[in-house]
Protein chains: 2
Amino acid sequence: MATGRTHRPATRSRGIPEATVARLPLYLRALTALSERSVPTVSSEELATAAGVNSAKLRKDFSYLGSYGTRGVGYDVEYLVYQISRELGLTQDWPVVIVGIGNLGAALANYGGFASRGFRVAALIDADPAMAGKPVAGLPVRHTDELESIITDNDVSIGVIATPAGAAQQVCDRLVAAGVTSILNFAPTVLSVPEGVDVRKVDLSIELQILAFHEQRKAGEETTSAQEPAAAVQPRSGAAVRTPAAGRAAGKGPDGDVPAVMPA
Amino acid sequence: MATGRTHRPATRSRGIPEATVARLPLYLRALTALSERSVPTVSSEELATAAGVNSAKLRKDFSYLGSYGTRGVGYDVEYLVYQISRELGLTQDWPVVIVGIGNLGAALANYGGFASRGFRVAALIDADPAMAGKPVAGLPVRHTDELESIITDNDVSIGVIATPAGAAQQVCDRLVAAGVTSILNFAPTVLSVPEGVDVRKVDLSIELQILAFHEQRKAGEETTSAQEPAAAVQPRSGAAVRTPAAGRAAGKGPDGDVPAVMPA
DNA sequence: CCATCTTTGTGCACGCGTTCACAAAGGCAT
DNA sequence: ATGCCTTTGTGAACGCGTGCACAAAGATGG
C-alpha cells in the first residue's frame, strides 16, 4: 500500500472523511468490474466482499455521498459508478506530468492504469539531455528546462516525481512554483511543500520494512514464546554488539554492493 | 503513498502500534542521513522536522521501543539507527522474489532501495517463456514453473507481485502455498489470503484518484463558495437527474466517453 | 554541591474511524 | 391492500491515534 497523505491533518473535506475518500477508488474498481459483467445491482454485502472491506463500513461510506441505494434491493451499479466517479473528479480530464524517466518513470509512463480514468500523461520530463526527444510509451521525453512551460501550457495540476531522492525536493519546488498543487512522490524523501499543496508518497522500501517487521514478529512467536519482558528491547549479544559509536563504520560493510543511489 | 495494510485490524504487535511501525522506516531514513553526515546526537525536535512529523508524536513513538534518549541532550544517532533497524528486523537478511517482470517488475528489480537494507532479490519470476533466462538487473529471469522450488530453496518469506491484475490472485495463492507469508502487491486487485499472511498494496491509480478528489475540491472552492448545503451531492442538471431506478440505463449518458478498459 | 536550563517521557483529553445493531423503507407475493 | 422479507441508512459505543502540556531527569556552569 502506498502510504501517504502529507499535510491536511485528516481534513474532512466537504463532509467526506479522508478514510472514506481513500476507499472510494476501491469501490469504483469493484463496481466497474461488475458493470463489465453487466450486473445491474449489487448489495452492500456483495460489493463489500469484492472490495475487501466490511459491509457496514461500505454503507457508511456511501452514506456520506448521499442515499443512492434502494432498501431491500441494493445499489444500482451504473448509477453508483457514475456518482463515485463524479465525486472523485474523474469525469474530467487530468493532465499529469511524470518527472524522472528512469526505470520507474518509464514503467509508470507505460502503465495502463494512468490513462484509464480521466488521467492523461501530458508529458515526460527528464534532466538527462541524452534522453531528450527519445520516445517512451509513445511520448518524446522533454528536458527539464521546459518543465515550467509544459506545466503552464497544459494546465497541469498533478505531478508525479520519479527522480532520485536527491533531486526530488528541487523538482517539487519547481513543479509547485509552476502551478502544480498535487504531487505523487515516488522518491524516498520527505517533501516539504507550501500550504494548499497535497503530497502523497509511494515508498517501496517503507512497505518492505513494515512487512519485515511483521515477518520478524511471526518468526519470533514461533520459536521464542515470550522473549523479553518489558524494558526488554535493550540488551544484546556480547562481542558483536555495535555500540552507538562503533556502528558508524558500517554502510559499506555487510552489504558493500549497495548502489550509492537511493538510500532506502 | 502506498495505501494498504490488509488483514490484521491494527493489531498492536507486541505493544507497538501499527501507526508507529509505519513511521519507524521514516525515522530510520532520517537518522541514516544524519549518520552519514557524522552527526552524533539529535533532538526529538530536529529529527521530527527531518522526518516530517510532530515532535511529540516522535517521542511517543520512541517510547514504545524503550527509553533511548538522554534528557537535556537528545538521542544518540548511531544507537537509534541500530535499535530501529533491529526492531524492524533489518539486521537480518530477507530474501525476496519479484513475480511479473514487465516494465514495473524490471523497474523494481533495478531499484537500489531493495538491496540497501536487509532485502535481497532472490529471484525474478515471469510467466512468459520468452523471458526465461534473460538477464534483468543482473539476474536471469526464471519461469513461473520454478516458483515453488525457488521459494523453498531460498527460504523466501516475502513476495512482490508485479503482474497484471488478472494473474495476481493466482500468483498470490501459489506464493502462499509455497510458504510466503508477506506480500507486497502492485497489481490493482484485492488479494484474498489466509489468516496469518500480511498483504500490503501499492496502487498508483488509487493514489491518483485521491489526489484528483482533493484537486477537484480545491478548484471548486475557488469558483463556487458554498456550492450545495448538506444533502447536497444529489441533484444535477434537470432532465438528466437519474433516480436510482432510472439510473440503470445511464452510464453512457452525460459522460458517455468513459473508457471501459482497465477499470481503474 | 547547588541552581538552572534543556529535552525527554508520558498522563490526559479529544477527535476520527470502525463496528454493532436496529429501525425505517421499499419490494413482492398473496 | 396487507404482511413478510430483504437490505439500506444511521445512532451510539468503543478504541486507536494525535497533540498538549508538564513533571522528571540529566547536563552544565558556577
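Letters A, B, ... mirror the listed sequences (proteins, then strands); counts begin at 1. Scope of the values below: all heavy atoms of this structure, side chains included, with no hydrogens, waters or symmetry mates. Please read all numbers here as calculations on a predicted model, not as lab measurements.
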J.: Using 0.5 Å steps for rounding, measure from the CD1 atom of Ile16(A) to the CZ atom of Arg217(B).
T.: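 If I round to the nearest 0.5 Å, the distance is 9.5 Å.
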J.: Starting at NZ of Lys57(A) and ending at C1' of dC14(D), how long is that distance when rounded to a whole Å?
T.: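 The distance from NZ of Lys57(A) to C1' of dC14(D) comes to 15 Å, rounded to the nearest Å.
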J.: Quick one: which residue pairs count as a salt bridge (charged side-chain N to carboxylate O under 4.0 Å, His left out) with a foot in residues 53-75 of chain B, not counting sequence neighbours?
T.: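 Listed once each, the pairs are Arg23(B)-Asp61(B).
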J.: Just by modelled atom types, is the Leu28(B) backbone N or O under 3.5 Å from a matching donor or acceptor in the Thr32(B) side chain?
T.: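 Such a contact is found between Thr32(B) side chain and Leu28(B) backbone.
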J.: Quick check for you: among dT19(C), dG17(D), dT18(D), whose closest atom lies nearest to any side-chain atom of Arg23(B)?
T.: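 Selected nucleotide (nearest to the side chain): dT18(D).
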J.: Identify, with sequence neighbours excluded, every residue that meets side chain to side chain contact (heavy atoms under 4.5 Å, CB included) alongside Val73(A).
T.: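 So Val73(A) forms a side chain to side chain contact (heavy atoms under 4.5 Å, CB included) with Thr41(A), Thr70(A).
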J.: Which letters describe nucleotides 2-12 of chain C, given B = protein heavy atom under 4.0 Å from base, S = only from sugar-phosphate, - = neither?
T.: ----BBBBBBB
J.: For the pair Gln169(A) (side chain) and Ser192(A) (backbone), establish whether a donor and an acceptor sit closer than 3.5 Å, ignoring hydrogens and angles.
T.: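 Checked: pair present.
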J.: Tell me the interatomic distance from Leu58(B), atom CG, to dG17(D), atom C1', rounded to whole angstroms.
T.: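 Answer to the nearest Å: 15 Å.
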